[in-house]
Amino acid sequence: MNLLNGLNPEQLAAVTLPRQHALILAGAGSGKTRVLTTRIAWLIATNQMTPQQVLAVTFTNKAAKEMLARLTAMLPINVRGMWIGTFHGLCNRLLRAHYRDAGLPQLFQILDSSDQLSAIKRLLKSLNVDDEKYPPRELQHFINGQKEQGLRPSAVEAWDGYTQKRVQLYEAYEAQCNKEGVVDFAELLLRCYELLSRNEALRRHYQERFRHILVDEFQDTNILQYKWLKLLAGAEGCLFCVGDDDQSIYAFRGAEVGNMRDFEREFRVPNVIRLEQNYRSHGNILDAANAIIKNNDNRLGKNLWTDAGAGEPIRVFEAYSDLDEARWIVEEIQALARDGHARSEIALLYRSNAQSRVLEHALFSAGLPYRVYGGLRFFERQEIKHALAYLRLIANPDDDTSFSRVVNFPTRGIGARSVEALQDAAKAAGSSLFAAIPAMSGKAGTSLANFAALIGRMKEMAHLPLPELVDHIVELSGLREHYKNDKEGQDRLANLDELINAATSFIAEEGVIGEGGVIGEGGELSADLIAFLAHAALEAGEHQAGEGDDALQLMTMHSAKGLEFNIVFVTGLEEGLFPHENSVMELKGLEEERRLMYVAVTRARQRLYLSHAQTRMLHGQTRYNLPSRFIEEIPGGLVKWLTPRIARHGGAHGGVSPRLTFADAPRAASSPRAGGAGYRIGQTVRHAKFGEGIIINLEGGGEDARAQINFGSAGMKWLALSVAKLEAAT
DNA sequence: TGGGAGTGCTTTTTT
DNA sequence: AGCACTCCCA
């Protein structure tokens, strides 16, 4: 069969597996997406299921779109009816279809993370809770964490008073969301899960429908997502999970790699297939990746190989400083450009976003175009969120988050006092802010009534085609006028116009199919509006414009997952930075960092550069870092040092950088010699209480000089050199 | 109401 | 260092 042409034996086996549960361990660059899509296409083409019977789940919209695009190319069918999407997107779809059973208002709105945070802040304020003691962000994390484990407040075990209070706040937050008719991201999942577990008829309906459930990036699923999958699979369904435990880098946000083992055990998975042949990178790169990841325990086990040949050695550069590193990268890129390499095929990866600044500065000065991933996305921009808030108020005036956002933006004389009075009135009446407006009197009452009338006028336009509606809202709200008068508002105006375009293309691409209007209270709303608002919340939009340009790609190693480039620079390979100092204390943290290194290394097709700097500015202070242990985990034979390298003494981390000793460092002006004592990184010292340790880091000078010392079992300490009694040990 | 000064924080992030 | 956030004053 045509579909199966060109698959290797393992891929072929995975694609054509009989109707059983399966776990596919798909290494980096092993054709994972191809297997996933071909599997679906094959099941349909061989009449083992209809397009309506597929459920394919991904984490990102990008991955979902990619699958749909590939399927469209493979099959002569309309893929729009297929259930392929993100966990959140699919749950949204289910909840919209069964909003009554789920106990939600028909037009429920979705809170994104920042909406959720402001909702929590508002809650704490209304309950007079000290937000120093219960920081909103921390509470948000707590609530989401519970939800992602499938726990409602009543199910959370709280032993201490602090947690008990947080559980109470969780409960109050839920009440607030219910009252306002809004749902956060985690709630989409949890609601959907509860809906299906509570409602047997519904559950059986979907269990019978989705005969094949396929999951992408299974290593990234959290507890609740796994429960959701199990529920939908039921006794008869068949789960096809694809993932790579070595690429699990999201434990910090609740991903549970253990789901892979659990899945294998609980479902007695008869087939675990390993895809180890790599179609992306040259051999040396893969050998390096394999060698690095071998240092982790408890892997499911995999070894990448290629028949592409060894390729070039891995180039390692040791810089004096972060500036020096950036300068070298610029030179190297200029040389590469001269050799005809496309800039867009070169990626600069770093551990944390703060590191991009120095690189950007150097690239900018050299006139090299670049594109930074991450950061603000389209639907997260304030002007867009403002416009959307008006649209949401049309759909649901009880959405207090949106109400608070725009009640006085652009300013219309409704100050903090008025809003507070309104909040009191709403609280007394147990109503939403909007509903409490008629009860207000005086000048504030008039301004508020005017605002209500404005929303009313907007609502009368709700039947208009979506792009027109958006246009009118931008005008009527005064947003357009406001930004016109703002001297820096030109970009924002352009973005608002772009929102109208986004509405147009949304209708063209995924306009609601034949569902007609939705009757909201007081008039007909276009179903497109509701779908568009959900779309805006669930898909934050492309990171930035300018995709077409031939620009260098700058991003964190996390954002690089799933991407590939001909040439990759992994920068800032320094102890403390990468592996990050917060993660080295526990084994699990270190292993996750190592997986991140594995991900970073396997992004490269042809050429991989690794670099580290001896000195780096961080949080306004100069830090002296040792080369990352990850560099040393690569077999020497695969590596070509671009800078002189003297044999390091004292084991993996006791070594002193060969190019810079602090006595003669040309650029380390404020040499960290403490009061002439001459401590240096890598030096072994003895402390009366902590015993022997190695100096990891030095900072400050003179009286303020401090040293970070790894005392092994006694832990890592920062000691003031003028105070601590240290003696040199040998 | 808006801006300027002072304060505090700082890993990674999708939905 | 750089940014977000708060507070206070004109």
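As a basis for the values below, the full set of heavy atoms in this structure was taken, side chains included, without hydrogen atoms, waters or symmetry mates. Below, read A as the first sequence line, B as the second, and so on, with proteins coming before strands; counting in each chain starts at 1.
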Can you check the [X] [atom1] to [N] [atom2] distance for me, whole Å?
X: A:Ile414; N: B:dG2; atom1: CD1; atom2: C1'; answer: 17 Å
X: A:Arg616; N: B:dT10; atom1: CZ; atom2: C1'; answer: 15 Å
X: A:Ile249; N: B:dT13; atom1: CD1; atom2: P; answer: 9 Å
X: A:Leu596; N: B:dT12; atom1: CG; atom2: P; answer: 11 Å
X: A:Asp131; N: B:dG8; atom1: CG; atom2: P; answer: 14 Å
X: A:His141; N: B:dT12; atom1: NE2; atom2: P; answer: 14 Å
X: A:Phe409; N: B:dT1; atom1: CZ; atom2: C1'; answer: 13 Å
X: A:Phe379; N: B:dT13; atom1: CZ; atom2: P; answer: 21 Å

Measure from the side-chain heavy atoms of [X] and tell me the nearest of [options].
X: A:Thr86; options: B:dT10, B:dT13, B:dT15; result: B:dT15
X: A:His619; options: B:dT13, B:dT10, B:dT15; result: B:dT10
X: A:Leu538; options: B:dT15, B:dT13, B:dT11; result: B:dT15

Assess, by modelled atom type and distance only, whether the side chains of A:Gln553 and A:Tyr373 contain a donor and an acceptor separated by less than 3.5 Å.
yes
Would you say [X] places a side-chain N or O within less than 4.0 Å of OP1 or OP2 belonging to [N]?
X: A:Asn353; N: B:dT11; result: no
X: A:Asn222; N: B:dT14; result: no
X: A:Asn61; N: B:dT14; result: no
X: A:Arg137; N: B:dC9; result: no
X: A:Arg357; N: C:dC3; result: yes
X: A:Thr556; N: B:dT13; result: yes
X: A:Ser559; N: B:dT12; result: no

What contact category does [X] fall into here, base, sugar-phosphate, or nothing, at under 4.0 angstrom with non-hydrogen atoms?
X: A:Asn144; value: nothing
X: A:Tyr250; value: sugar-phosphate
X: A:Phe252; value: base
X: A:Gly413; value: sugar-phosphate

Does A:Asp115 pair with A:Arg392 as a salt bridge, N-O distance under 4.0 Å?
yes
Determine the Euclidean distance between corresponding P atoms of B:dT13 and C:dA4; express it in Å to zero decimal places.
16 Å
Determine the interatomic distance between P on B:dT12 and the same-named atom on C:dC5; round to the nearest Å.
16 Å
Can you find an N or O donor on one side and an acceptor on the other, under 3.5 Å apart, linking the side chain of A:Ser113 with the base of B:dT15?
yes
Does the A:Glu194 side chain pair with the main chain of A:Arg191, one donor and one acceptor, at a distance under 3.5 Å?
no
A quick test of your reading: do over 12 heavy atoms of other residues, nucleotides or ligands sit less than 6.0 Å from CG of A:Asn295?
yes
Nearest-nucleotide check on DNA chain B, A:Arg351 vs A:Thr60; residue mapping nearer the 5' end is A:Arg351
Return the 5'-most residue of the pair A:His482, A:Ser583 with respect to DNA chain B, ranking by each residue's nearest nucleotide.
A:His482
Indicate whether A:His88 forms a stack on B:dT15; treat it as stacked only if centroid distance is below 5.5 angstrom and interplanar angle below 30 degrees.
no
Can A:Gln219 and A:Gln247 be said to form a side-chain hydrogen bond (donor to acceptor under 3.5 Å, both in side chains), step by step?
CA-CA 8 Å; A:Gln219 79 281 355; A:Gln247 290 190 72; over 6 Å; no
Decide if the gap between the ring center of A:His558 and the ring center of A:Tyr250 is smaller than 6.0 angstrom.
yes
A:Phe409 and A:Tyr483 aromatic ring geometry - parallel, tilted or perpendicular at 30°/60° bounds
tilted
